[in-house]
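Some notes on the structure that comes next.
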Protein chains: 2
Amino acid sequence: MARENIAKYIILGLLSIQPLSGYGIKKWVEASISNFWSISYGQIYPTLRKIEVEDLAVKREFKPDKGPKRNQYTITEKGRQEFIKWLQRDEAGEYEILLKIFFGARLSPDENIEKIRKFRERRVQDRARLEKTLEDLHKNLDENEDNLYFLLITSFGIMSYKSQIEWSDEALKLLKDKTNQ
Amino acid sequence: MARENIAKYIILGLLSIQPLSGYGIKKWVEASISNFWSISYGQIYPTLRKIEVEDLAVKREFKPDKGPKRNQYTITEKGRQEFIKWLQRDEAGEYEILLKIFFGARLSPDENIEKIRKFRERRVQDRARLEKTLEDLHKNLDENEDNLYFLLITSFGIMSYKSQIEWSDEALKLLKDKTNQ
DNA sequence: AACAACATGTAATAAGTTACATGATTGG
DNA sequence: CCAATCATGTAACTTATTACATGTTGTT
C-alpha cells in the first residue's frame, strides 16, 4: 500500500490533538492505533522534516523538567486545514476509515455519521457477495482438499463484515444521540 | 509492511494449486483473497521471473484453444517445499495467518489447528487489553471531544477480536471433525 | 556503575503502486 | 471494424522497514 502517505496524516492528526516530539508520536501510535496501524522512526523523522518545510507544523526545542530535551512540533493553521481536507476526502484504502474516525473530533458528528453510513453500505454488499461464495463452496466441498480452507477464509470474511455492520449500527446510534443532545 | 515478500508466497501458493500465467494469478487473487490481500502486475511479472530463476517454477509457453498465448508457470518440487516451509513458519504480520489458512490444504489439519489455536489465544489477550482501554475511556468520556471517537475505534477493535475468536472456535470445530472422520 | 528509557537521526534496502507501452484475440 | 478482454512487461516513484550510530537522563 504505497500511495497516500498515510504516515504524514497520522502525524498531522496526532499533532492536531497536542504538540508532540518524534518519540512522543511513536508512543502515541503504539498506545492508540497499533491495533490497525504502525509507524517506524525511519518514517517519523523524515516526515516531520517535510511537514516542517511545508509549514504544516513548527519545531521548537523543549526542555522538560524530566528527561533529555526534545523537538516539539506544533501544528499550524495550514497544517490543521490540510489535515481536515484529508479527513473529508473519501478514503481509498479499505480501513483508512478507522483512522479517520479515530480523528473524528476534527469533523462534525454528521460528517462522521455519513462516513460510517457509507462504510456500512459497502460492508452489507461485501457480505452478500461472500455469502454466495460460501454457498458455492459448500456445494463443492468434496471436490478437493482446498475448498474446506477456502470456505474457512470466506467464513472469516463474512463474520468480520457482520461484526463491522454491527459496529456501524452501534456507532451510528452513539453519534446520533450526541447530535440530539 | 515491506518485509517478507508476501507476493512471492501468494504466487507460489496459487501455483501449488494449479499452473497459472501472470494474468491468471491476478484473476485468482481478485476472485479469492482480494478481501484481505492484493497484488499488482508490477509485482507479479518480476516476481515470476525471480521464481523461475530460483527454480521454484518452470515457464512454458501455452497456446490455448481460445485467446492469445500465455506463459504458464508450473511449480517445481523445490518450489513446493519452499512454500510449505513458509507455511510452517510462525507468521509475523497480524493477518498473514489468513493467507496461510487459505493454503491450509498443503499442511496437515493438525498444523492448521495449532495455528488457529495460537491465533485465538492472541485475540483473547488483545481483546482483554482493549476492554480495559474501553473502561478508561468510558470514565473520561466528558474530558474531551476526542475520547468519544477513541472509544468508537476501541469498540471496533473489541468487536473485531470477538468475531475472530468466534471464527476460531468454528474453524477449530470443523477441522477437528475432519480429523476424526 | 550499569541498565533502561528517553530521544534523534541516517543509509541501505525492500516492497509495492502507478503509469505507460505493446500487441493478440474475440464477440458484437 | 471496434471495443473489450486477454496478456506481458518496464520504469519511475513512493512508502516503509531494518540496522546502525549517537548521546542524555533517571533508577537501582
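Per chain, numbering begins at 1; letters A, B, ... match sequence-line order.
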Short side-chain N/O contact from [X] to OP1 or OP2 of [N], under 4.0 Å:
X	N	value
B/R49	D/dT8	no
B/K8	C/dA15	no
A/Y23	C/dC6	yes
A/S38	D/dA16	no
B/Y45	D/dT8	yes
B/S40	C/dT17	yes
B/Q43	C/dT17	yes
B/Y41	D/dG9	no

- Task: Would you mind telling me which residue lines up with the more 5' stretch of DNA chain D, B/K27 or A/K63, judged by nearest nucleotide?
- Result: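 This one resolves to B/K27.
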Measure [atom1]/[X] against [atom2]/[N] and give the value in whole Å, please.
X	N	atom1	atom2	result
A/I51	D/dT15	CD1	C1'	15 Å
B/Y73	D/dT8	OH	P	8 Å
A/I6	C/dG16	CD1	P	16 Å
A/N5	D/dC13	CG	C1'	13 Å
B/Y9	C/dG16	OH	P	12 Å
B/I44	D/dT10	CD1	P	14 Å
B/Q72	D/dA7	CD	P	11 Å
B/I39	D/dT8	CD1	C1'	15 Å

- Just say parallel, tilted or perpendicular for the rings of A/F156 and B/F119, cut-offs at 30° and 60°.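 Tilted, since the angle between the ring planes falls between 30° and 60°.
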- Mind checking whether B/F103 and B/F83 have parallel, tilted or perpendicular rings, split at 30° and 60°?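 Plane angle over 60°, so perpendicular.
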- Message: What contact category does B/G22 fall into here, base, sugar-phosphate, or nothing, at under 4.0 angstrom with non-hydrogen atoms?
- Response: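 Counting heavy atoms under 4.0 Å across all strands, the contact made by B/G22 is with sugar-phosphate only.
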- Message: Does A/G42 reach a base, just sugar-phosphate, or nothing at all? Heavy atoms under 4.0 Å.
- Response: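 Counting heavy atoms under 4.0 Å across all strands, the contact made by A/G42 includes a base.
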- Item | Ion pair B/R117/B/E121, N-O distance below 4.0 Å |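 Result for this pair is no, no salt bridge flagged.
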- Item | Test: B/E94 and B/R123 ion pair at under 4.0 Å |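 The answer is yes: the pair qualifies as a salt bridge.
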- Item | Short side-chain donor-acceptor distance under 3.5 Å, A/E166 and A/S163 |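 A/S163 vs A/E166: no donor-acceptor pair found between side chains.
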- Message: If you only use heavy atoms from C-beta on, which nucleotide in D/dT8, D/dT24, C/dG23 is closest to the side chain of A/P68?
- Response: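 Shortest atom-to-atom distance from the side chain points to D/dT24.
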- Query: To the side chain of A/R70, which of C/dA24, C/dT8, C/dG9 is closest?
  - Reply: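 When the side chain of A/R70 is considered, C/dT8 is the closest of C/dA24, C/dT8, C/dG9.
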- Count the heavy atoms belonging to other residues, nucleotides or ligands that lie under 6.0 Å from CD of A/E61, then report whether that count exceeds 12.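 Not more than 12 within 6.0 Å, no.
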